[in-house]
Amino acid sequence: MKTIEEYYAAATALFLEAHPEIKNGIAALRQQDADTLGMTLPALKRMQTDRAYAAFTREKKLDGMLFAIQLAEPDKEIAAQAIEAYLRQHAAALGMSWEEFCIKNEL
């Protein structure tokens, strides 16, 4: 099973492939654009990719990380395990037990 970061990176790459107009816009960014913002060019491109992906998931009312796992993991059993691991981390971050989290979210 991949890490959340690996799923996210794979999902954003797939997202860009599915949206060539966004991919081309990000590819067209130049060092001058990055310099204006006091950033490196790779950091600017990563930020714009993250923003585009986040806007897409917000518009579709999706949880960006759950969508990333579903998009980037072809094996449904592994995807289910990764989703559960992500949700367990989320529950822990909220200070909730797994059981409380499941009841509250009707899982």
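Throughout, numbering of the chain's residues begins at 1 and tracks the sequence. Values reported hereafter were calculated over all heavy atoms of this structure, with side chains retained and with hydrogens, waters and symmetry mates removed.
Listed by chain and residue number, Lys23 satisfy the salt bridge (Lys or Arg N to Asp or Glu O under 4.0 Å) test with Glu17 (two or more places apart in sequence, or in another chain). Listed by chain and number, the residues in a ring pair (Phe, Tyr, Trp, His ring centres under 6.0 Å) with Tyr86 amount to none (sequence neighbours excluded).
Pairing each heavy atom of Met1 with each of Gln81, the nearest pair is SD-C, 3.7 Å. When all heavy atoms are compared, the tightest approach of Ser97 to Ala91 is O-CB, 4.3 Å. The nearest pair of heavy atoms linking Phe67 to Leu62 is CD1-CD1, 3.7 Å. The two atoms that bring Leu94 and Phe101 nearest to each other are CD1-CE1, 4.1 Å, heavy atoms only. The two residues Ala11 and Ala72 have their closest heavy-atom pair at N-CB, 4.0 Å.
Distance alone, capped at 3.5 Å, is enough to place a donor-acceptor pair between the Asp63 side chain and the Met65 backbone. Put simply, the side chain of Glu6 gets close to the backbone of Thr3: a donor and an acceptor are under 3.5 Å apart. Between the side chain of Asp33 and the backbone N or O of Leu29 there is no donor-acceptor pair closer than 3.5 Å.
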Trace of the side-chain contact (heavy atoms from CB on, under 4.5 Å) decision for Phe15 with Ile22
CA-CA 9 Å; Phe15 168 77; Ile22 296 171; 3.8 Å; yes
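Applying the 6.0 Å contact sphere to CD of Glu77 captures no more than 12 heavy atoms from other residues, nucleotides or ligands. Shown here is His90, whose NE2 atom has no more than 12 heavy atoms of other residues, nucleotides or ligands within 6.0 Å.
Relative ring orientation between Tyr53 and Tyr8 is described as perpendicular, the plane-to-plane angle rising above 60° on a 0-90° scale split at 30° and 60°.
Between Glu84 and Arg88, at least one side-chain nitrogen of the basic residue sits less than 4.0 Å from a carboxylate oxygen of the acidic one, meeting the salt-bridge criterion.
Taking CD1 of Ile83 as the start and CD of Gln70 as the end, the distance is 4.5 Å to the nearest 0.5 Å. For the atom pair CD of Gln31 and CE of Met39, the computed distance is 11.0 Å after rounding to the nearest 0.5 Å. Taking CG from Leu44 and CD from Gln32, the interatomic distance works out to 12.0 Å, rounded to the nearest 0.5 Å. Taking CG from Leu71 and OG1 from Thr57, the interatomic distance works out to 11.5 Å, rounded to the nearest 0.5 Å. Taken from CG in Leu16 to OG1 in Thr12, the straight-line distance is 6.5 Å, to the nearest 0.5 Å. Atom CD of Glu100 and atom CD1 of Ile103 lie 7.5 Å apart (nearest 0.5 Å).
Between Lys45 and Gln48, the closest side-chain pair of non-hydrogen atoms is not below 4.5 Å. Two residues are said to be in side-chain contact when any heavy atoms from C-beta on lie closer than 4.5 Å; Ile4 and Gln89 meet this criterion.
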